[in-house]
Number of protein chains: 4
Amino acid sequence: MEVLLFAGSLQVGSLNKKLLRIVKKYLEDKKIKHTLIDLLDFAMPVYNQDIEKSTGIPATVQKLAEYIKDVEAIIIASPEYNGTISSPLKNTVDWLSRCKPMPLTDKQLLLLSTSPSQFGGVRGVWHTRVPFEMLGVHMYPTMFSLERGNMQFNEKGLLIDITVEKRLKKLIDAFIVHIQKFEKI
Amino acid sequence: MEVLLFAGSLQVGSLNKKLLRIVKKYLEDKKIKHTLIDLLDFAMPVYNQDIEKSTGIPATVQKLAEYIKDVEAIIIASPEYNGTISSPLKNTVDWLSRCKPMPLTDKQLLLLSTSPSQFGGVRGVWHTRVPFEMLGVHMYPTMFSLERGNMQFNEKGLLIDITVEKRLKKLIDAFIVHIQKFEKI
Amino acid sequence: MEVLLFAGSLQVGSLNKKLLRIVKKYLEDKKIKHTLIDLLDFAMPVYNQDIEKSTGIPATVQKLAEYIKDVEAIIIASPEYNGTISSPLKNTVDWLSRCKPMPLTDKQLLLLSTSPSQFGGVRGVWHTRVPFEMLGVHMYPTMFSLERGNMQFNEKGLLIDITVEKRLKKLIDAFIVHIQKFEKI
Amino acid sequence: MEVLLFAGSLQVGSLNKKLLRIVKKYLEDKKIKHTLIDLLDFAMPVYNQDIEKSTGIPATVQKLAEYIKDVEAIIIASPEYNGTISSPLKNTVDWLSRCKPMPLTDKQLLLLSTSPSQFGGVRGVWHTRVPFEMLGVHMYPTMFSLERGNMQFNEKGLLIDITVEKRLKKLIDAFIVHIQKFEKI
C-alpha cells in the first residue's frame, strides 16, 4: 500500500505544504510507503480543450497520472481560495480527468486544509470534495482543518500544539486502517 | 447601465460562447449597453501567490478588472468541469480577488450554462456561485441550464427550439429589470 | 420597508434566537420596521405531499406565508445541523414552497449563524442558502457566523465582545442600505 | 452482509419508493440480505433539542437506529426538495445524529434519486451527501438520478427502459462488490 501526498497550493512557503511534511514524517514513523510531490514540478496550462486537441494532454499531466496510478491512496492538503477549491487543484483535477484510463477512479482520498483564517479552510474542503467524487474517488468522510495555520508551526516546521498533532495523527491512523482493509483482500 | 459578458471556457468553439452570442444579440435588440469579451484574450497563469509577490498581478488580470469595474452587471455562461466550476473560470476569479480594489464587489451576476449532457451544467452552476458570493457579488437567484447544447444551435448559431429561446429571453428580461432598479436610484 | 426575523432552531434557549434579539434591538434603534417571530409558534408536520393533498397546506404555514408576504426583507439566524441546513428550517422552506403565490419570491434575505463550535455555523450557511436561491430569493452575499456562541452573550443577553457587535451592526447597516435601494424606487 | 433500503420521501406513491422496489427485487435475485423500510413507519417530530431534553430521543428514532446498526450498507432513494435534501430525510438524519452510539458512523451509503423533472434530482443528491459525510458515512461516489420518473415505470412498477434498468443494476453491482470487500476481511 502506497500513499501519494501533494498540496493544492503552488506557493513555495505554503502552509499546506508544511502540514504535509508533518504527515510525511508520521508516515515514515509508521513505515507506510509514500511519496510527497509538489504540483510546482508538474506545471500545466489552464485547461483548454483546444490545447488537448492540438498537442494532447501535457507531459506533466501524464507524469502526474503515472504517480497516481501507482498508489492506493492520496492525501491532499489544500487551502480554500474564495471559499472553495483552489484554482491550482481544480485545474489539476480537470486535466487528470482527461487522461485515459482516468487515474483517480476508485482511489481513497483524505483531505486536509489549513489557512491563516479562524476557519482554516473548513468551508473550502466541502466544495473541494465534489470534483473528486464526480470522478469516482472514495473520499474519506472525516477531514482536518487547521485554523490560524500561520501560528501553528515552529521554526523547525513542527506543530506547536500537541493536541492538534494528536488530532491529526489520529485521523491519519484511522485513514490508514481504512485503506489497509482494501489492501488485505 | 452596462453588462459584461464572458464564458467560463477557453475553447474557441465553446457552446457557452455560442449561448452568449445569442444573449449579445438580444441585448443589442433591447438597446442595452454591453461588451462581450473572451477569456482567451486575458491569458493568465495558474494562480500562485509567489507570482503575485515577485512580478505582481498580471497585466491581463488588471485589464479584465478594468472591464469589470466599468459595468453594473455581468452575465457568465460556463460549462461545469467535473460537476463544479470550470478551472479557467475559477482561476480568473482567484486572480481577480487579489486586485485592489476588488472589482467584483457589489456587481450583479447572472449565470448561464450549457453542455452536451442531459443536465446542461445544472450541477456546476450551484458550485460556480460560491466564490462569487464569497466576494460580495449579488448572484441573480434564477439561472439557465441548457441540456444537449451540441444539438441546440443551427448553422447560423441560432437556437433551434423557440421555447428554449423564449425561456432564455424571459430570464434576461427579468435580470435587466432587476439591475435597472438599482440604476434608477 | 419591513423586515421579518426568525431563527432556524425551535429550541427555547437557542443561541440564534439570542443573536436575533440583538439584531431586533438594533433595528429598533435604527427605527426600521420589523417583526421577530418564533417558528415554535408555527408548528408544522414534517413535509409529506399526502398531507397537503388530503388536508391542504397547514394553517400555520399559511400564517407564516402571510408574514413573509408583507415584508421586503428577511433576516434568518440559524444553526447548522450536521454541517448543513437545520431540519426545522428546511421543513419550513419546503412547506412555504408549496404556497401559491409562493411568498419567498424576490425577497431579500440576510443569513446569520452562531453555534458553540469554533466555526459558528460557517459551513452550514453555504448549504442553507441553496433552497432559498432555488425559490428566487435574493441572498445577501455577505453572511455572519459567530463562533463559540455559548460564550458570547452576557446575562442580559448582550454581546460581550464589542468588536463582534460592531461587525454585526456593520453588516446589518449594509443590508439595510441595500434593501432600501429597492424601496426608494 | 446486509443492506437497509429506505426513501427520503414520506409520500405513499413516492417515485423513489418505486425505484427502491426495483432495487429490492434485484437484491433478492442476487441473494443479498436486505430490508426495505418506510420512514412513514418511523414518524418523528421536527427536531427540537428541547424535546430531546424533556422526553428523550423518540422511540421511532431509536428503532430506526437499531435497523441501521445491524447493517453494513444503506441505499437511500430520495427526491430533492427545492434543490437540496428533502426535509423528511434531513429531519431523520438530525435525529439519528443524536443517538449514542451514533448508528451511521462507518456505514457505506449509495444514493439514488428520481423526480418528474428533466434533472431527476441530480442537484439535490450533491447536497444530500453532506450531512451523511459529516457523520462519518462512506458515501459511494457514483450516484444514480432518473429524470422524468413519472414516465419511467409501467403499471407493474417495472422500469420501462431497459437501458435505464441496466445502468441501475450495474451501479448496484459495483456498490455490492465494493461493500463485500469490507465484509470479507
Side-chain angles (χ1 to χ4, degrees), chain B residues 1 68 72-74 76 80 83-85 90 93 96-97 101-113 119 121-145 167 170-185, chain C residues 1 68 72-74 76 80 83-85 90 93 96-97 101-113 119 121-145 167 170-185:
Chain B
M1 201 258 308
I68 292 171
E72 283 74 35
I74 304 169
I76 294 177
E80 66 180 28
T84 173
I85 189 168
K90 184 69 205 326
V93 175
L96 286 171
S97 72
M102 209 288 295
L104 288 164
T105 311
D106 267 334
K107 300 299 175 187
Q108 305 285 335
L109 199 158
L110 172 66
L111 199 50
L112 317 175
S113 74
F119 300 127
V122 79
R123 286 166 303 202
V125 288
W126 286 96
H127 299 286
T128 301
R129 295 173 76 98
V130 174
F132 290 101
E133 292 175 316
M134 278 288 294
L135 290 166
V137 171
H138 297 276
M139 296 296 297
Y140 194 71
T142 310
M143 301 187 281
F144 176 91
S145 292
R167 183 164 64 93
K170 198 179 158 192
L171 177 60
I172 302 294
D173 287 345
F175 180 62
I176 297 298
V177 165
H178 177 72
I179 57 182
Q180 281 178 334
K181 282 184 192 165
F182 284 97
E183 220 215 1
K184 282 175 190 159
I185 299 158
Chain C
M1 202 259 310
I68 293 171
E72 283 73 36
I74 304 169
I76 294 176
E80 65 180 28
T84 174
I85 190 169
K90 185 67 202 335
V93 175
L96 286 170
S97 73
M102 211 288 294
L104 289 164
T105 311
D106 267 334
K107 300 299 174 188
Q108 306 285 334
L109 198 158
L110 172 65
L111 199 51
L112 316 174
S113 74
F119 300 128
V122 79
R123 287 166 301 202
V125 287
W126 286 96
H127 299 286
T128 301
R129 295 174 76 97
V130 174
F132 290 101
E133 293 175 316
M134 279 288 294
L135 289 167
V137 170
H138 297 275
M139 296 297 298
Y140 194 71
T142 311
M143 299 185 282
F144 175 92
S145 292
R167 183 164 63 91
K170 198 179 159 194
L171 178 59
I172 303 293
D173 287 345
F175 179 61
I176 296 298
V177 166
H178 177 72
I179 56 180
Q180 281 178 335
K181 280 184 193 166
F182 283 96
E183 222 215 359
K184 283 174 190 158
I185 298 158

With a 4.5 angstrom heavy-atom cut-off, which part of B:Phe132 approaches chain C: side chain, backbone, both or neither?
->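 No part of B:Phe132 comes within 4.5 Å of chain C.
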At what distance, to the nearest 0.5 angstrom, does CH2 of C:Trp126 lie from CZ of B:Arg129?
->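 Taking CH2 in C:Trp126 and CZ in B:Arg129, the distance rounds to 10.0 Å.
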Taking every non-hydrogen atom, the tightest pair across B:Pro141 and C:Glu133 =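 Reported closest heavy-atom pair: CB-O, 3.5 Å.
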Side chain / backbone / both / neither for C:Met143 at chain B, heavy atoms under 4.5 Å |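 Contact with chain B: none, neither part.
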Determine the option with the most heavy-atom pairs under 4.5 angstrom with chain C, choosing from B:Val137, B:Asp106, B:Thr142.
->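 Most heavy-atom pairs under 4.5 Å with chain C: B:Val137.
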Give me the one residue out of C:Met139, C:His178, C:His138 that meets side chain to side chain contact (heavy atoms under 4.5 Å, CB included) with B:His138.
-> C:His178
